[in-house]
Chemist: 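Quick one: the structure is below, questions incoming.
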Amino acid sequence: MKTHWFKQLGPLYIPVHAYGYLVTILAIALVVPVSLAVVRNGQSVTDEIFQLFVYATCVAFWWKWIADKTSEK
């Protein structure tokens, strides 16, 4: 029997298992410090947006891939 970590509701994934919550918390924990560092050390708004976009999309892709592979369809 396969344990589902996430439940898919349309385009959204909702964590329903402890591992799903752990993956979500880790994704947030990876993005928040980098976001704070980029904002603190940024030279311009455009610089900050480009740096955050690259990092946040990588983490979001990783999170969505895990959510998709472990979700109840």
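All values below come from the heavy atoms of this structure, side chains included, with hydrogens, waters and symmetry mates left out. Here, residue 1 is the first one in the sequence, and each next residue gets the next number.
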Chemist: At what distance, to the nearest 0.5 angstrom, does NZ of K64 lie from OG1 of T57?
Modeler: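 So the gap between those two atoms works out to 14.0 Å.
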Chemist: Mind checking whether V38 and V59 sit in one hydrophobic cluster, side chains of I, L, V, M, F, W, Y counted as touching below 4.5 Å?
Modeler: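 Shared cluster, yes.
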Chemist: Whether the side chain of Y55 engages the backbone of L30 through a donor-acceptor N/O pair (distance < 3.5 Å, no angle test) should be reported.
Modeler: yes
Chemist: Can you name the nearest heavy-atom pair linking G20 to P15, along with the distance?
Modeler: C-CB, 3.6 Å
Chemist: Taking L52 as the starting point, is it possible to reach W62 by hopping between hydrophobic residues whose side chains are less than 4.5 Å apart?
Modeler: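 Yes, W62 connects to L52 through the hydrophobic network.
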Chemist: Could you go through V16 and Y21, starting from their C-alpha distance and side-chain angles, then the distance that decides it, and tell me whether this counts as side-chain contact (heavy atoms from CB on, under 4.5 Å)?
Modeler: CA-CA 7 Å; V16 294; Y21 285 107; 6.0 Å; no
Chemist: Looking at G10, is its backbone amide N or carbonyl O close enough to the side chain of Q8 to form a donor-acceptor pair, meaning the two atoms are under 3.5 Å apart?
Modeler: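 The answer is yes, because a donor-acceptor pair under 3.5 Å joins these two groups.
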Chemist: Do V34 and W63 share a hydrophobic cluster (ILVMFWY, side-chain heavy atoms under 4.5 Å, transitive)?
Modeler: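 Shared cluster, yes.
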Chemist: Once rounded to the nearest 0.5 Å, what's the spacing between atom CD of Q51 and atom CG of N41?
Modeler: 9.0 Å
Chemist: Could you walk me through whether F6 and T24 pass the side-chain contact (heavy atoms from CB on, under 4.5 Å) check?
Modeler: CA-CA 10 Å; F6 293 88; T24 302; 3.7 Å; yes
Chemist: Among the clusters formed by ILVMFWY side chains lying less than 4.5 Å apart, do F53 and V31 turn up in the same one?
Modeler: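 No, separate clusters.
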Chemist: Taking Y13 for its side chain and S71 for its backbone only, find out whether a donor-acceptor pair lies under 3.5 Å.
Modeler: no
Chemist: Using only atom types and a distance under 3.5 Å, with no angle test, would you say the side chain of H17 pairs donor to acceptor with the backbone of Y19?
Modeler: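 Answer holds: yes.
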Chemist: Counting C-beta onward and ignoring hydrogens, is there a side-chain heavy-atom pair between L22 and W5 closer than 4.5 Å?
Modeler: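 The answer is no; the side chains never approach within 4.5 Å.
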Chemist: Would you kindly confirm whether L36 and I28 end up in one hydrophobic cluster when ILVMFWY residues are joined by side chain heavy atoms under 4.5 Å apart?
Modeler: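 Looking at the clustering, I28 is in the same group as L36.
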